[in-house]
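In what follows, chains carry the letters A, B, and so on, assigned in the order in which the sequence lines appear, proteins first and then strands, with residues in each chain numbered from 1. From a predicted model like this one, the values you see are computed outputs, not experimental measurements.
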Amino acid sequence: MIQPLPGFRDFYPEPVPSPDAWSCDLRQHIFETWRTTSRRYGFREYDGPPLESLELYTLKSGEEIVQQLFNFTDKGGREVAMRPEMTPTLARMVAAAERHYRKPIKWFAIPQLFRYEKQQRGRLREHFQFNADIFGESSPGADAELIALLIDSLRGLGLTADDFVIRVSSRRAWQAFLEARCADPSRAYDFYQAVDKLEREKPEVIDEKLRLVGSSLQEVREFIQASQPTSEIQTLLDELGARGLGSFVRVDYGVIRGLAYYTGIVFEAFDRKGKFRALAGGGRYDQLVHLVSGGKVNLPALGFGMGDVVLAELLKDRGLVRGATQSLSAYVLIEEESLRAESLRCVQSLREAGVSADFPLAATKSDKQFKRAVELAARVTVKLERAPDGAISARVREMTSRSEQVIPPDLVAAHCLGLIHRPPG
RNA sequence: GUGGCCGUAGCUCAGUUGGUUAGAGCUCCAGAUUGUGGAUCUGGUUGUCGCGGGUUCGAGUCCCGUCGGUCACCCCA
């Protein structure tokens, strides 16, 4: 049998066939939470093509990015790549159409992104990433709004301040730190790389690199330890505190982010136990639209990305995937085949009333029908019965309470609508 | 791209220093039973032991290669 390609996933309906199989129900639950939270914050959904010109990515990141890309030559001889990130596409769209939209522009997307890399824990060749961005607002109020959206997206999935924390840092703070010690701005990238590897590389190696830019390991550690907020970070903290979200954020200058284009506040979301990779990351990139548009458009910008892979791992770890499965509202039992026509009419009336309903497509033993209703997590079963005098009635059973009611078939849809709009129990 | 570990039924896994015709539980399918049923009982399907080569009288078991998985590194999302 042909297997899926390495790093690509099959998504199964619940119950999934093995413990490590990916659940389409869970994916849908995550997507819906991302969407509803975004809309609640006034963000509009956009999308772009999954396949882009290779040049869109090499322009910004150079040729070395190509080895990380899922790229190929198409039948027309074009060099193309599956999108590895959404920001270049978004920057193009915004640069082209920003005049049609009032500022600030608040947009989100849930693209599937691709990378040609050996897969490992929390990292595949494909994933879905929630992207949210704001354009045209340079005040820290926008940073607070964006981070609040990130927090509430995670809260919407059942996670709390005990589960995750947003570590907030600032490129501007580090830039000031560096400028006080090193006059050469071209050293900034090397400096950021060294700070980024602070917890992973040997202290002597880091120290040596930092001394090249006029600093030292001890100095950098003291700076991180002090966590002195910049004025923009203080505004951010104040605004999040006013929203009651203060416990979700912490100033941590150890966060620096790899991407070269960040300019101001940067942040990453981590699980508190430190068991997983970063859940989400983002920050300000005030120069990027200017760069992508060839200098024609200048818009301050900020955004974040949150992948579905690490998030799903965290939700499973915290036991938050129950309830993510969608359940059926009604299952219509057909134990008496002579009542199939009337039962079909009943199914149709339920569906037209907006009640999700299923039934056996062919003559089936009654216990199997009932077990199917259980498997589909039906809220109610409906069974038509014929009295000795020929009158047909409907027996509606609530599965959780096991209570039953006998009503005329014409009233089944209305009755079920009433039942399913009450909490189960 | 580099390295460690792992590949036995749809799933979870047993399988003795290398020794008959490779097993269990669950799932699935069928039958029985139950009939205010969410059970129970019986039977059945499914394996080139990842693939290829080697050692051996004999390989699921040992060796080499390869593919896949997994974890770490590199890098990043």
TODO: Pick base, sugar-phosphate or nothing for Met399(A), based on heavy-atom distances below 4.0 Å to the nucleic acid.
DONE: base
TODO: Would you please confirm or rule out a distance under 4.0 Å between OP1 or OP2 of U36(B) and any side-chain N or O of Lys383(A)?
DONE: no
TODO: Using the P atom as the reference point in each nucleotide, state the distance between C63(B) and G69(B) in Å, no decimals.
DONE: 23 Å
Open item on the list: Using the C1' atom as the point on both nucleotides, what is the distance between G60(B) and G18(B), in whole Å?
Closed with: 10 Å
Task: Whole angstrom value for the distance that separates C1' of U40(B) from CG of Asp367(A) - done: 11 Å
Task: Within residues 368-403 of chain A or reaching into it, pairs that qualify as ring pair (Phe, Tyr, Trp, His ring centres under 6.0 Å) - sequence neighbours excluded - done: none
Open item on the list: For the P atoms, the ones on U61(B) and on G19(B), what distance do you get once it is rounded to whole angstrom?
Closed with: 11 Å
Task: Base paired to U40(B) (Watson-Crick or G-U; both N/O distances under 3.5 angstrom) - done: A32(B)
Task: Parallel, tilted or perpendicular, as decided by the 30° and 60° cut-offs, for the rings of Phe191(A) and Trp174(A) - done: perpendicular
- [ ] Just name whichever nucleotide pairs with C5(B), Watson-Crick or G-U, keeping both distances under 3.5 Å, else none.
- [x] G69(B)
TODO: Identify whether the distance between the nearest side-chain nitrogen and carboxylate oxygen of Arg386(A) and Glu342(A) falls below 4.0 Å.
DONE: no
Task: U16(B) pairs with, by Watson-Crick or G-U criteria that keep both distances under 3.5 Å - done: none
Open item on the list: I need the CZ-P distance between Arg125(A) and C76(B), as an integer number of Å.
Closed with: 18 Å
Task: Nearest-nucleotide 5' precedence on RNA chain B, Lys368(A) against Leu333(A) - done: Lys368(A)
TODO: Could you state the atom-to-atom distance from CZ of Arg372(A) to C1' of C28(B) in whole Å?
DONE: 12 Å
- [ ] Give none if C75(B) has no partner; otherwise give the nucleotide forming a Watson-Crick or G-U wobble pair with it, both distances under 3.5 Å.
- [x] none
Open item on the list: Is it true that Asn131(A) and Tyr46(A) share a donor-acceptor pair across their side chains at a distance under 3.5 Å?
Closed with: no
TODO: Calculate the interatomic distance between Lys371(A) atom NZ and U40(B) atom P; express it in whole Å.
DONE: 8 Å
Open item on the list: For Phe130(A) and Phe304(A), I'd like to know if the aromatic rings sit close, meaning centre-to-centre distance below 6.0 Å.
Closed with: yes
- [ ] Give a yes or no on whether the ring-centroid distance for Phe70(A) and Phe8(A) is below 6.0 angstrom.
- [x] yes
Open item on the list: Any strand counts, and the cut-off is 3.5 Å on both contacts for Watson-Crick or G-U wobble. Which nucleotide pairs with G52(B)?
Closed with: C64(B)
Task: Gap in Å between the two C1' atoms, one belonging to U34(B) and one to U16(B), rounded - done: 45 Å
Task: Separation between the P atoms of U36(B) and G47(B), rounded to whole Å - done: 42 Å
Open item on the list: So that I can tick it off, tell me whether Lys365(A) and Asp367(A) are bridged by a salt bridge, with the cut-off set at under 4.0 angstrom between side-chain N and carboxylate O.
Closed with: no
Open item on the list: I need a per-nucleotide contact map over nucleotides 66-75 of chain B, read 5' to 3'. Cutoff is protein heavy atoms under 4.0 Å; write B for the base, S for backbone only, - otherwise.
Closed with: --SSBSSBBB
Open item on the list: With a 4.0 Å cut-off on N to O distance, would you call Arg83(A) and Glu52(A) a salt bridge?
Closed with: no
- [ ] Determine the interatomic distance between C1' on U17(B) and the same-named atom on C75(B); round to the nearest Å.
- [x] 46 Å
Task: Watson-Crick or G-U wobble mate for G58(B), both contacts under 3.5 Å - done: none
Task: Whole-angstrom distance between A14(B) and U33(B), as gauged at atom P - done: 40 Å
TODO: Find the distance Arg115(A):CZ to G1(B):P and express it as a whole number of Å.
DONE: 16 Å
Task: Interatomic distance at P, C11(B) relative to C51(B), whole Å - done: 15 Å
Task: Nearest-Å distance for atom pair CZ/P, residues Phe370(A) and U40(B) - done: 15 Å
Task: Base partner of U45(B), which must satisfy Watson-Crick or wobble distances under 3.5 Å - done: none
Open item on the list: Any carboxylate oxygen within less than 4.0 angstrom of a Lys/Arg side-chain nitrogen, looking at Lys383(A) and Glu336(A)?
Closed with: no
